[in-house]
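To find a chain, count down the sequence lines: A is the first, B the second, and so on, and within it residues start at 1.
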Amino acid sequence: MINSSLKQLGAMLQAKQISSTELTQAFLQRIDDHNPEINAYITIDAERSLAQAKAADARIAAGNAQPLTGIPIAQKDIFVANGWKTTCGSKMLDNFIGPYDATVIKLFDQAGAVNLGKTNMDEFAMGSSNETSYYGKVQNPWDRTRVPGGSSGGSAAAVAARLCAAATGTDTGGSIRQPASLCGLSGLKPTYGLVSRYGMIAFASSLDQAGPMAKSCEDMALMMNVMTGFDERDSTSLQRDKEDYERELGKPLQGLRVGLPKEFFADGLSSEVAAVVESAIAEYRKLGAEIVEISLPNTQLSIPVYYVLAPAEASSNLSRFDGVRYGHRAAEYDDLLDMYCKSRAEGFGAEVKRRILIGTYVLSAGYYDAYYLKAQQIRRLIAEDFAKAFTQCDVIMGPTAPGTAFRSGEKANDPVAMYLEDLYTIAVNLAGLPGMSIPAGFASVDGKQLPVGLQVIGNYFDEARMLNVGHAYQQVTDWHTRMPEGL
Amino acid sequence: MSLSSSDVKRIAHLARIEVSDEEAEATLQKLSGILGLIEQMQAVDTTGIVPMSHSQDVVQRLRPDVVTENDQRAAFQAIAPAVENGLYLVPKVIE
């Protein structure tokens, strides 16, 4: 059951082979057994989850079920959920009980899915290892001494350890795809603007995008059908008709043009990851894909550009945490200014403070043109690289991350080394394109088998095709069905 | 560009984050590393390139100027650090 697809679970629920209450209890039991070590969840509220399960059972009995009705889904703790503690991985929000539902939460609720709990994450989604969380690090289920990636590390570990049927994540610079790669699951960051950001605690608003994290592309298609859609409460939500993301599944890949950016296979890529990615591409050849070499010449610049834009937007977004209306307030202070400064000093962790400082610096008087404006200009060059590439190919493939999961603590004291984790994912956010990571095999590292992800980048709004590209591969390989030992 | 520890304190003040001298010193090194990374941008000639803020060609939507939200003051103030008579309390700012 824990390895079943969302479709299989839906069929079992429909056929009354299992109730949502039983399914939810089974996952809650697994969380009880394994979460104390893995630490994938920050908040579990069995009473609330089981109440939703009971409602789902009634809905199924009444014949009103939708595909995800009764299925337990874990929600990244970045989504505000009514009545749920919502922390964003920060001490700043340790006392914050959501007073309303994020649109993503509301949509899963309307679909009848069960909110199984709130997953751990890097503080305010700033990190690539889940080590910046106020609630402690998350273990990678494949090797407990290693990180799950970040920032959606709790969601990734929860899916990998089968502590949920599927999960949500958010991706600002790779925060869905990199943990999906490091934990051996499928993760999709949709085109910017497809999923509402309402109630999703903002990090870098022009880059943040929510998406599914699941075992397979088929599962993700079902979740995309629920998550996407125009929302007037998000000023950057795109006004488009609802799509059926399952519609392409099962189509042959004959003639698909796959572009391989030479910059993704250059210095910085570990040889173990390169070997796995190359064998995945060989599989695509067998499926009828044509491989073309392409170039994304400004790839290297995406990191400096991102580390201007994202901190700049973060410094502005996080100014709302001032200890006045919600969140942490220092116990002692002299005056209002001192209250702000102490509340923020106590409530934010080191990485969040660093990014706020960088953002404040690049936006400060006299520096705007040299940093923010320059970064926005190079951002256009990066987007133009992709536009040119998509005249030569239908999808782009390459590694998701330069290496496999690294050891906890290995990069914790070197922000720049940590930032390089996102070398292949960041440009996709800057361009606003959809990007996906799917399990492509394992690399042997220090005697352990560690998962490796293949990244698939599509053109704007091409998610349905991308999901089929992943699905076709998952029909001829079984990497996505593998599960870590001891769970 | 190189930062000094007093620059860090000045920026932190702008960001309303208290930092001790010790913290400023420790932060300095890490910030300098990040700024070094950012500096790579300066090698690119961006003359005449229009800055990009959004990938799609979208304009700000407008809506009728009518009330759309319910009153949720009680719910929102239930999680506030200090409130009285429906108002948020902060230290005295006007003598």
Side-chain angles (χ1 to χ4, degrees), chain A residues 95-97 99-100 192-193 206 232 235-236 238-239 300-301 303-305 307-308 315 319 322-327 329 333 335-342 344-345 348 353-354 356-358 360-362 364 370-371 373-381 383 414-416 419 431-433 460, chain B residues 1 3 7-8 10-20 23-24 26-28 30-31 33-56 58 60-61 63 68-70 72 74-83 88-93:
Chain A
N95 58 5
F96 185 83
I97 308 294
Y100 68 99
Y192 181 82
S206 80
E232 60 182 13
S235 65
T236 57
L238 296 169
Q239 279 174 296
Q300 285 286 347
L301 284 167
I303 292 191
V305 166
Y307 281 97
V308 171
S315 73
S319 65
D322 56 6
V324 174
R325 289 156 300 152
Y326 45 76
R329 178 184 287 198
Y333 41 83
D335 53 21
L336 183 62
L337 181 64
D338 195 44
M339 187 187 92
Y340 292 151
C341 294
K342 285 204 167 68
R344 288 163 64 79
F348 293 137
K353 285 183 198 172
R354 273 198 288 278
I356 291 175
L357 296 180
I358 290 286
T360 304
Y361 177 72
V362 300
S364 61
Y371 294 112
L373 199 72
K374 183 100 182 168
Q376 296 263 51
Q377 289 175 309
I378 301 176
R379 183 179 189 179
R380 184 169 300 279
L381 296 178
D414 186 351
V416 172
Y419 297 172
L433 291 163
Y460 299 111
Chain B
M1 146 202 50
L3 285 182
D7 290 330
V8 174
R10 183 181 56 83
I11 299 163
H13 180 72
L14 288 173
R16 301 293 185 257
I17 296 174
E18 185 179 82
V19 291
S20 65
E23 281 173 317
T27 306
L28 176 62
K30 285 180 172 140
L31 290 192
I34 299 166
L35 290 172
L37 183 78
I38 292 171
E39 207 58 22
Q40 291 172 26
M41 293 195 316
Q42 303 308 331
V44 185
D45 180 7
T46 51
T47 318
I49 295 168
V50 182
M52 171 176 152
S53 59
H54 197 297
S55 61
Q56 307 296 318
V58 289
Q60 187 69 49
R61 285 192 310 276
R63 63 168 176 83
T68 55
E69 298 293 323
N70 307 322
Q72 297 190 70
F76 292 163
Q77 294 206 328
I79 49 170
V83 289
Y88 293 98
L89 297 188
V90 294
K92 195 170 173 183
V93 285

| said: I'd like to know whether B/Leu31 forms a side-chain contact (heavy atoms from CB on, under 4.5 Å) with A/Tyr361, so could you lay out the CA-CA distance, the side-chain angles of the two residues, the decisive distance to 0.1 Å, and finally the verdict. | reply: CA-CA 10 Å; B/Leu31 290 192; A/Tyr361 177 72; over 6 Å; no
| request: Can you tell which part of A/Asp322 gets under 4.5 Å to a heavy atom of chain B, answering side chain, backbone, both or neither? | output: neither
| request: Evaluate the side-chain proximity of A/Asn95 to B/Ile79: yes if any heavy-atom separation is below 4.5 Å, no if none is. | output: no
| task | Can you measure from CD1 (A/Ile358) to OG1 (B/Thr27) and round to the nearest 0.5 angstrom? | result | 10.5 Å
| request: Would you check if A/Val308 and B/Met41 make a side-chain contact, meaning some heavy-atom pair closer than 4.5 Å? | output: yes
| task | To the nearest 0.5 Å, tell me how far A/Ile378 CD1 sits from B/Asp45 CG. | result | 10.0 Å
| Which pair of heavy atoms, one from B/Ala15 and one from A/Ile356, lies closest together, and at what distance? | CB-CG2, 3.7 Å
| Side chain, backbone, both or neither of A/Leu336 within contact of chain B (heavy atoms, under 4.5 Å) | both
| Quick one: what part of A/Ala431 sits under 4.5 Å from any heavy atom of chain B, side chain, backbone, both or neither? | backbone
| task | With a 4.5 angstrom heavy-atom cut-off, could you sort out which part of A/Leu381 is near chain B: side chain, backbone, both or neither? | result | side chain
| task | Can you sort out the partners of A/Tyr307 under side chain to side chain donor-acceptor pair (under 3.5 Å), two or more places apart, ordered by chain and number? | result | none
| message | Please classify the contact between A/Val416 and chain B as side chain, backbone, both or neither, with a heavy-atom cut-off of under 4.5 Å. | response | side chain
| task | Answer whether the closest heavy-atom distance between the side chains of B/Ile17 and A/Thr360 falls below 4.5 Å. | result | no
| task | Counting only heavy atoms closer than 4.5 Å, note whether A/Thr236 contacts chain B via side chain, backbone, both or neither. | result | both
| message | Which atoms of B/Val50 are under 4.5 Å from chain A, going by heavy atoms: the side chain, the backbone, both sets, or neither? | response | both
| query | Between A/Gln300 and chain B, which part of the residue has a heavy atom less than 4.5 Å away: side chain, backbone, both or neither? | reply | backbone
| said: Heavy-atom pairs under 4.5 Å with chain A - which of B/Val83, B/Val93, B/Ile34 has more of them than the others? | reply: B/Ile34
| field | A/Ser235, part contacting chain B, at a heavy-atom distance under 4.5 Å | value | both
| By salt bridge (charged side-chain N to carboxylate O under 4.0 Å, His left out), which residues pair with B/Lys30, not counting sequence neighbours? | none
| task | Could you have a look at A/Lys342, A/Glu232, A/Gln239 and say which one has the most heavy-atom pairs with chain B under 4.5 angstrom? | result | A/Lys342
| query | Can you tell if the side chain of B/Gln56 reaches within under 4.5 Å of the side chain of A/Leu238, non-hydrogen atoms only? | reply | yes
| said: Working note: B/Glu39 + A/Tyr371, criterion side-chain contact (heavy atoms from CB on, under 4.5 Å); need CA distance, chi angles, decisive distance, verdict. | reply: CA-CA 9 Å; B/Glu39 207 58 22; A/Tyr371 294 112; 3.8 Å; yes
| field | chain B contacts, top residue of A/Gly193, A/Ala375, A/Ser364 (heavy-atom pairs, under 4.5 Å) | value | A/Ala375
| field | A/Arg379 CZ to B/Met52 CE distance, which is reported to the nearest 0.5 Å | value | 4.5 Å
| Where on B/Gln42 is there a heavy atom nearer than 4.5 Å to chain A: the side chain, the backbone, both, or neither? | both
| Can you tell me how far the CG atom of A/Leu373 sits from the CD1 atom of B/Ile49, to the nearest 0.5 Å? | 11.0 Å
| query | Is it true that a side-chain atom of A/Arg380 and a backbone atom of B/Pro51 form a donor plus acceptor pair closer than 3.5 Å? | reply | yes
| field | Heavy-atom pair count under 4.5 Å with chain B, highest-scoring of A/Arg344, A/Gln377, A/Lys353 | value | A/Gln377
| B/Pro81 versus A/Gly323, closest heavy-atom pair with distance | CG-O, 3.4 Å
| Residue among A/Tyr460, A/Tyr100, A/Tyr340 with most heavy-atom pairs under 4.5 Å to chain B | A/Tyr460
| task | Any chance you could measure B/Leu35, atom CG, to A/Leu357, atom CG, to the nearest 0.5 Å? | result | 10.0 Å
| Residue pair B/Ala75 / A/Pro99: nearest heavy atoms and the distance that separates them | O-CB, 4.2 Å
| query | If you count heavy-atom pairs under 4.5 Å with chain B, which of A/Phe348, A/Phe96, A/Tyr419 comes out on top? | reply | A/Tyr419
